[in-house]
Amino acid sequence: VKGRIIGDLDTNMIDYPIDPASLTKILTYMVILDCLKAKKTLTGGEFSLDTKLVDIVLVNGEKHIHIHINVDEGLKFLMGRSKNRIASSFAQLIAGSEEAFVEVINLKARQLGLKNSRFINASGLPGHDLANTIHGLKGFSNVSTLEDLSILTIQTSRIYPEYTKYTGRSYKVGDYEFTSVNPLYRKPYRDLAAKYGLNGLKTGTTDNGRSLIATGKLNNHELSIITLGHLHVDENDHLVKERTRPEVALKLFAENERLLNLEDYEVEKKRTPREALTQSLS
């Protein structure tokens with residue numbers, strides 16, 4: 001991960017406040033993983049992948065399923081289906097309240113190097129009454145920047161590579177199978193996404209558009225892209241089929257590939273005959 005900006009972007013926008021929406025759940029996931037590694041909740045209770053969450057209602061097609069899930073299953077719904085209630089359930093289980101959990105999220109953000117991000121809930125749901133008071137940004141709940149989201153993506157890959165277990169195309173919970181909300185797993189984009197080793201990471205939706213942080217792997221190189229602000233309404237505010245978000249994401253993956261190939265070519269040109277022979281014999 002090299003952190004290059006390879007899309008069309010006004011550099012003045014790098015530190016511009018944006019609503020991370022459900023991308024917030026990446027930090028929620030990190031805190032949950034920290035507790036799993038410590039085997040304790042923040043209030044001192046035992047905590048493992050088998051720990052039960054509160055009873056929740058899941059929607060699968062037209063079915064409403066009442067199911068008691070554990071932490072391992074909950075992480076799939078948190079990251080793969082982006083369920084807001086799951087985020088709140090984790091917050092209450094781990095810290096006793098969402099408010100206490102949010103304090104830990106903000107501390108985690110500082111530790112990771114996110115200098116311009118502030119969070120007031122665990123899910124990224126918009127419209128919190130405190131948002132305007134805290135951020136001065138009406139309609140926001142949480143606030144971040146492109147630079148901070150880039151750092152968050154890199155840190156997730158480096159410190160929490162287990163996330164790929166919970167961000168696949170589909171997964172089973174009990175007798176039911178659910179699919180990820182990541183648009184790159186959909187049939188029109190699936191083959192190209194597989195080429196880039198798609199393995200995550202998170203989607204987000206706000207009134208200002210949809211976002212996607214996608215990660216993958218190509219020829220032992222880790223890839224990541226961020227794309228924001230994709231609106232899916234026509235000039236009459238009618239909903240239209242989502243295309244721009246997955247298409248832009250795949251174009252950014254392709255540009256990642258082009259730059260990596262160019263870099264490999266430039267490195268190869270600079271190698272001496274002796275280096276080339278040593279490399280071929282190793």
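One is the number of the first residue; the rest follow in order along the sequence.
- Residue pairs that meet the salt bridge (charged side-chain N to carboxylate O under 4.0 Å, His left out) test with at least one member in residues 26-51, sequence neighbours left out, are D34-K108, K37-E162.
- Within a 6.0 Å radius of CZ in R243, no more than 12 heavy atoms belonging to other residues, nucleotides or ligands are found.
- By the criterion of side-chain heavy atoms lying less than 4.5 angstrom apart, applied directly or through intervening Ile, Leu, Val, Met, Phe, Trp or Tyr residues, V31 is grouped together with I159 in one hydrophobic cluster.
- Cluster membership for L250 and I225, using ILVMFWY side-chain heavy atoms within less than 4.5 angstrom, is shared.
- Atom CD in E73 sits 10.0 Å away from atom OH in Y166 (nearest 0.5 Å).
- Side-chain atoms of N219 and L260, non-hydrogen and from C-beta on, never get closer than 4.5 Å to each other.
- T215 places no side-chain N or O within donor-acceptor distance of the main-chain N or O of S224, the cut-off being under 3.5 Å.
- Look at K115 and D15 and you find no salt bridge, because none of the NZ, NE, NH1 or NH2 atoms lies under 4.0 Å from a carboxylate O.
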Please report the C-alpha distance between F90 and L53 in whole Å, then the side-chain angles of each, then the deciding distance to 0.1 Å, and finally whether the side-chain contact (heavy atoms from CB on, under 4.5 Å) criterion is met. CA-CA 7 Å; F90 270 119; L53 294 179; 3.8 Å; yes
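- Atom OG1 in T145 sits 9.0 Å away from atom CD1 in I14 (nearest 0.5 Å).
- Residues L107 and L42 do not share a hydrophobic cluster, defined by chaining ILVMFWY side chains whose heavy atoms lie under 4.5 Å apart.
- For the atom pair CZ (F119) and CG (L114), the distance works out to 6.0 Å, reported to the nearest 0.5 Å.
- The side-chain heavy atoms of F101 and N121, taken from C-beta on, include no pair separated by under 4.5 Å.
- Criterion: ILVMFWY side-chain heavy atoms under 4.5 Å apart, direct or through other members. Under it, I213 and L33 are part of a common hydrophobic cluster.
- Within the 4.5 Å cutoff, no side-chain heavy atoms of T203 are placed close to those of R210.
- Here the closest non-hydrogen pair linking K202 and L78 is CE-O, 3.7 Å.
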Any chance you could lay out the side chain to side chain donor-acceptor pair (under 3.5 Å) test for S82 and S22, step after step, and finish with the verdict? CA-CA 7 Å; S82 200; S22 284; 3.2 Å; yes
Using salt bridge (charged side-chain N to carboxylate O under 4.0 Å, His left out), reason through R258 and E255 one step at a time and then give a plain yes or no. CA-CA 5 Å; R258 187 187 72 81; E255 184 65 3; 2.7 Å; yes
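- Nearest heavy atoms, T167 versus G200: OG1-CA, 3.5 Å.
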Would N142 and I120 satisfy side-chain contact (heavy atoms from CB on, under 4.5 Å), going step by step from the backbone distance to the final call? CA-CA 6 Å; N142 302 328; I120 56 178; 3.7 Å; yes
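- Atom OG1 in T24 sits 7.0 Å away from atom CG in D19 (nearest 0.5 Å).
- Side-chain atoms of D148 come within 3.5 Å of backbone N or O of N116 as a donor-acceptor pair.
- Under the 4.5 Å side-chain criterion, counting only non-hydrogen atoms from C-beta, L152 is in contact with L112.
- Side-chain contact between I86 and K25 is absent, with no heavy atoms from C-beta onward closer than 4.5 Å.
- Here the shortest heavy-atom pairing between C35 and I94 reads SG-CG2, 3.6 Å.
- Of all non-hydrogen atoms in T43 and G96, the two that sit nearest each other are CG2-N, 4.1 Å.
- Between the R81 side chain and the T179 main chain, a donor and an acceptor come within less than 3.5 Å of each other.
- With contacts defined as side-chain heavy-atom distances shorter than 4.5 Å, the pair Y29/L75 qualifies.
- Using a 4.5 Å heavy-atom threshold, the side chains of L184 and F253 count as touching.
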Check the pair L36, V71 against side-chain contact (heavy atoms from CB on, under 4.5 Å), reporting the backbone distance first and the verdict last. CA-CA 9 Å; L36 283 172; V71 168; 4.2 Å; yes
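- A 4.5 Å side-chain heavy-atom check between R245 and Y189 finds every atom pair outside the cut-off.
- In this structure a side-chain-to-backbone donor-acceptor pair under 3.5 Å is missing from S88 to R85.
- Closest of all the heavy-atom pairs between G168 and S180 is O-CB, 3.3 Å.
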Let's go through L198 and N182 carefully: what are the C-alpha distance in whole Å and the side-chain angles of both, what is the deciding distance for side-chain contact (heavy atoms from CB on, under 4.5 Å) to 0.1 Å, and is it a yes or a no? CA-CA 10 Å; L198 177 68; N182 188 330; 4.1 Å; yes
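- Atom CD of E98 and atom OG1 of T28 lie 8.0 Å apart (nearest 0.5 Å).
- With rounding to the nearest 0.5 angstrom, the NE2 atom of H230 is 7.5 Å from the CG atom of L212.
- The two residues S123 and N84 have their closest heavy-atom pair at CB-OD1, 3.5 Å.
- Clustering ILVMFWY residues whenever any of their side-chain heavy atoms sit less than 4.5 angstrom apart, transitively, puts V181 in a cluster other than the one holding Y171.
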